[in-house]
Each structure stands twice: as C-alpha cells, then as structure tokens.
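Beneath this line is the structure, given in structure tokens, with notes to follow.
One-based numbering, in listed order, for ligands and for the atoms of each.
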Amino acid sequence: MSSGRAPIPLSLPFLDEREHELVNEVLDSGRLSLGPTGRRFEQMLAEQVGARHAAAVSSGTAGLHLLVRSYEIGAGDEVITTPFSFASSTNCFLYEGATPVFVDIDPVTWDIDTAAIEAAITPRTKAIVTVDIFGYPCELDPIKDLAAKHGLAVIDDACEALGAEYKGKRVGGHGVPAVFAFYPNKQMTTGEGGIVVTDSEEQWRLVKSLSNQGRGDDGPWLEHVRLGYNYRLDDLSAALGVAQLEKLDRILELRSQVAERYRSLLAGLDGVELAAADDAEHHRSWFVFVVRLAPGIDRERVIDQLTKEQIATSRYLPCIHLQPYMRERFGFAEGLCPRAEALSSSTVALPFYTALEAEDQERVAAALKAAVEAQG
Ligand SMILES: *Cc1c(COP(=O)(O)O)cnc(C)c1O
C-alpha cells in the first residue's frame, strides 16, 4: 500500500464490516435516538472501564460541561487545572463563569504537577479538573486525597485515555467521575460523541437528565424539571461505538505495538525525547505519538521538512492560558507555567493510528532523523 511518496495522515479511524452491520441494524430498526443501542453502548463502556454508570453524550466537551453542572460550579468559583491540554478541559467550566487557576505540569508525565496543586487552593476553589494527557494517567490517588481534605470535586478529563490504567485499574474505574471522547482521532470513534462515567447513581441520573433537555426520569415528554441541553448521542453513533468497543482490546494492543515500533525506531536519536514510558503504576493508552525536540532544534523547519515528504504532523498542544481568548479575558501571559510553555513550543505529533504500517513508520522515522540531523 505504502508507495514511497504517498501522504501519511496524522490519524485514521479503525473500522471494518462490523460498524456497517450495526449502523445498518439501527437504520433498519427506525430507532435512531433514545433507542436500545444507546443503552447497550453505555453498559458496555461502563463494564470495560470498571465504572458503575455511563451516560453517552454528543461530545467529550458536552460530557465535561455536564459534570461541571452536576457540581454546580459557577461564577465566583475557582477551578484548578492544567494548561497543557485541549481547550475543552478549561472551557467546560468557563461556560459556567468559573475562573481557571493553572498549575504547571510534571516534567516527566506532562500531566498536572500533583505536588503543586495544594499551593493553588484558595477559599474559592471548588474543583480540580485533571487531564490524562496523551493517554498517560494522572496521579488519581493523591489528587483524590487532596480533594477530600479540602472538600473539592474532581473531574477527570480522560478524553485521551480510554484504556489507560492507573495502579492496575482502568481510568474511569477509580471512583472519580471521568469523561471519554470519540472524535475520529481518538482511540475509538463514534464520529462525534463522548461519555460520562461515574459510580454515583444520583450524578448519573442528573447527567442523563441534563443531556436530555432537563427531562425527569419518567415524567411526560414535554415536562422539563430543570434547565437542560440537547447533548444526546444518537443511536447511529452509539452503534459505531458498540462495534468499536467489541474490538477495543485489539485496538489498544495494536496501538501499543505501533508506539513500540516508533520507540525502537527513534531510540537513541539525539535531539528527540520520547514521552514518558510506563511504570508499575501507570500504563498509557496510546492516543497520539508526540516527541519533544531539544532546545537547539527549530521545530518549524522540522515540520516543513516532514510536510515536504507528505508526512502530516501537528503542534500538540498549545498552552490553554496563551490562547487569544484567554489572554484577552484573564490577562494571562508567558511565564505563568514555564514548564508547560517550554514543552508546548517543542513538541511535534507524528502520524499515529491503529493500522499504521511498519514501512510508513520507517519512512516517518527516517524523515524525522534527517530533519533533526540537518540541524545538528
Ligand atoms: C478530545 C478531547 C476532548 C473532547 O473533545 P470533543 O471534540 O468535544 O469530543 C476534551 N479534552 C481533551 C483533552 C481532548 O483531547
């Protein structure tokens, strides 16, 4: 397949006949929303991550927003979070008027620096939003302890971490409400979509109601017991999700193999640092393959060179506090989170997906090596 110069995309979903079959079943059934497939998808996902309840929603962002609503986080509240993430993990509480308090990242894991959280807590702190960035699980136990000590809510943005394990148990199964996302570049996809997992039946019922226009459990269709949203996931998307969950373990295993192949191809390459490896307590679920370039290397030149060779890349991730709307609204500037800022300006995401072929990976590795060595 991979003729020398064919473009190599950044990501691709992993689909087969089963997705067609299950989506067609839903089409033939006529139950395109609020049908049995949505429920089946929720139950399968809850079981696979080890959570009691799951509520499917229209996106990861919607799920995060609903957890924020479930804790009544709003104006006057501060929320502690990481700047090295996708904008959603902060936007979800900005929607409710809460104020972000950014804590810098851990230099090794690139997740929030657990040891720096306590110093950021004030009488106004209401919650901590953690992010398992690039699928590497954050320090859930000490963060849970800290939150309990100070009476704070914890929301885990696990949108990049389906299948990641912390202390031998999957993220989502640690009693911390979490959200997974299913945009097509994630480990698995429903097109658009997301899911909230929680061990609390009350929180689950609230999230279900909020996602369904604020309807009550079993009231009449046109009765709204609270202000809600239309954040439902339709059953066609849920059918895609069921087909993906049926092969989730295979997907995760194939992604690990692709990552391992990159790690051995790039091992020992001067000027290129790889993301943290697993240890006894942390098992990454591979979402993207991001490398960090050494300070002397011009990232833009590397990206240009790869682009010329038809190899897609991305600058994962810009710091949230330095986004134009955040600077404008809160006056944030460079220097607030130096570790995240330095990382963010030196990372490159390479093509990474479940079915990425070895020869394409070799081409990517060779091109990266040439680009870096040209600057040496
Ligand atoms: C993908 C992602 C989300 C959610 O994205 P949606 O497009 O709304 O599904 C949230 N947070 C992080 C860190 C993500 O990577």
Does F134 have its ring centroid less than 6.0 Å away from the ring centroid of F287? no

Evaluate [X] for polar contact with ligand 1, using N/O atom pairs at a separation under 3.5 Å.
X    : result
D157 : yes
K186 : yes
V131 : no

In terms of residue, atom name and distance, what is the protein heavy atom nearest to [atom]?
atom                    : result
atom 15 (O) of ligand 1 : E160 OE2, 2.6 Å
atom 5 (O) of ligand 1  : T61 OG1, 3.9 Å
atom 9 (O) of ligand 1  : G60 N, 2.8 Å

Electrostatic pair K208-E201, nearest N-O below 4.0 angstrom: no

Flag the pair D132 and R284 as a salt bridge only when some basic side-chain nitrogen lies within less than 4.0 angstrom of an acidic carboxylate oxygen. no

Do any heavy atoms of S85 fall under 4.0 Å from ligand 1? yes

Test applied, side-chain contact (heavy atoms from CB on, under 4.5 Å); reference residue, T90; option that passes from V79, T82, D157, T81: T81

Using a 6.0 Å cut-off, check whether atom CG of D16 has over 12 heavy atoms from anything other than its own residue. yes

Just wondering, more than 12 heavy atoms not from R52 lying within 6.0 Å of its CZ? no

Please list, in number order, the atoms of ligand 1 under 4.0 Å from a heavy atom of [X].
X    : result
C159 : 2 (C), 3 (C), 4 (C), 10 (C), 11 (N), 12 (C), 14 (C)
S59  : 8 (O), 9 (O)
A181 : 4 (C), 9 (O)

N/O donor to acceptor pairs below 3.5 angstrom from side-chain atoms of residues 56-68, sequence neighbours left out:
| residue | atom | partner | partner atom | Å |
| --- | --- | --- | --- | --- |
| S59 | OG | T61 | N | 3.4 |
| S59 | OG | A62 | N | 2.9 |
| T61 | OG1 | S88 | OG | 2.7 |
| H65 | ND1 | Y231 | OH | 2.8 |
| H65 | NE2 | E96 | OE2 | 2.7 |

